[in-house]
Amino acid sequence: MRIATWNVNSIRTRVGRTVDWMVREDVDVLAMQEIKCKPEQFPTELFEEAGYELAIHGLNQWNGVAFASRLPMHDVAHAFPGMPGFLKGAEGPDQPQEARALGVTVDGVRLWSLYVPNGRALGDPHMVYKLDWYDKLTEYVRTETHERPEVPLALMGDFNVAPTDADNGDPSVVVGTSTHVSPEERAAFATLLDAGLADTVRPLVPTGYTYWDYKQLRFPRNEGLRIDFILGSAPFAEAVTEASIHRDERKGDAPSDHVPVLVQVDLGEADDDLPMFL
DNA sequence: ATGCCGGACCAGGTCCGA
């Protein structure tokens, strides 16, 4: 199974190149972020013509997550348990949830398309929200991997953290003043992994970024960030046989500022002729 | 660098992103 994630930064603007890439790369399941539309506005036709069905979670022009899959999707969830909400000008629990998470099960694999809050600035209430979001996501992963350790689980999406200095090639993103690289955000990301996930791409793709700012010639200068990940529980991560970051998708007309990240997962199939009797 | 791009709203100006 070939599984990918892509922050498309408006699916209505990017539908052509998104479907073209999926067909070219033989993608079975794509997790999208920042679709920036409601389900009734989603351009479904090109996906369906290419043989994909859709699961869409969008509330307005902000955020929005979706899946396109060639295989049937089950158990669709519009939030993970305990997922925080956020309301501008208000703090505290029980605020309305934004469209930042979508869960589906495909071929026995639990998949999430996640758009982690940006944080906006160090000290901004939105940063408190971001860190709380990480806390609650971590708690979900702990519970899930403890209760169902045999179920392959993958968190895919835009995590809005560059976990190490090697993941930050943007000279304007500086530890001490910038979001995405602060010790608190990096600790939150590390704690999420400690809950039972592995970065499935890094071991196979040791360098490269997944995002370049539109401004300041960041892409031609290759001054980007690696903030888009496919994080897998043990049974998922052990089944990853290939991984790639598709830098070329940042080129050409009207690209997203993010590029897709793809893994090949070879999970044991019931019809395999493996020597199970051993 | 707090908005130099780019998208959504929807008609000129604001909000948002990392």
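What you see is a predicted model, and the numbers here were worked out from it, not measured in a lab. Sequence lines set the chain letters: A, B, ... in the order given, protein chains first and strands last, and positions in each chain run from 1.
In this structure, N7(A) reaches the sugar-phosphate backbone alone: every heavy-atom distance under 4.0 Å involves primed, P, OP1 or OP2 atoms, never a base. Counting any heavy atom pair closer than 4.0 Å across all strands shown, R14(A) reaches sugar-phosphate atoms only and no base atom. D170(A) comes within contact range of no nucleotide atom at all, as no heavy-atom separation falls under 4.0 Å. Among the atoms of the strands shown, none is found under 4.0 Å from any heavy atom of S172(A). Within 4.0 Å (heavy atoms only), Q41(A) reaches sugar-phosphate atoms of the nucleic acid but no base atom. Using a 4.0 Å heavy-atom criterion, one finds that R120(A) contacts the bases of the nucleic acid, with or without backbone contacts as well. Using a 4.0 Å heavy-atom distance criterion, Y115(A) is classed as a sugar-phosphate-only contact.
Judged by distance alone, with hydrogens and angles left aside, N118(A) brings a side-chain donor or acceptor within reach of the base of dA18(B), the pair sitting under 3.5 Å.
When the P atom is used for both dA18(B) and dG13(B), the distance is 27 Å, rounded to whole Å. When the P atom is compared between dG17(B) and dA11(B), the two are found 23 Å apart, to the nearest whole Å.
For the side chain to side chain contact (heavy atoms under 4.5 Å, CB included) with N9(A), the lone residue among K36(A), M32(A), Q33(A) that qualifies is K36(A). Paired with W212(A) under the rule side chain to side chain contact (heavy atoms under 4.5 Å, CB included), one option of V259(A), L225(A), L217(A) passes, and it is V259(A).
For the pair R226(A) and Y209(A), the cation-pi criterion (under 6.0 Å, within 45° of the ring axis) is not fulfilled.
Rounded to whole Å, atom P of dG3(B) lies 19 Å from atom CG of N9(A).
Ranking dC9(B), dA18(B), dC15(B) by closeness to the N160(A) side chain, first place goes to dA18(B). With dG3(B), dG7(B), dA18(B) as the candidates, the nucleotide lying closest to the side chain of K215(A) is dG3(B). Of the candidate nucleotides dA18(B), dG7(B), dC9(B), dC9(B) has the atom lying nearest to any side-chain atom of R12(A).
For T13(A), a side-chain nitrogen or oxygen approaches OP1 or OP2 of dA8(B) to under 4.0 Å. For dA8(B), one of the phosphate oxygens OP1 or OP2 lies less than 4.0 angstrom from a side-chain nitrogen or oxygen of S10(A).
For the pair F42(A)/K38(A), no side-chain contact is recorded, criterion being any heavy-atom separation below 4.5 Å from C-beta on.
Here the shortest heavy-atom pairing between A121(A) and T179(A) reads CA-CG2, 3.5 Å.
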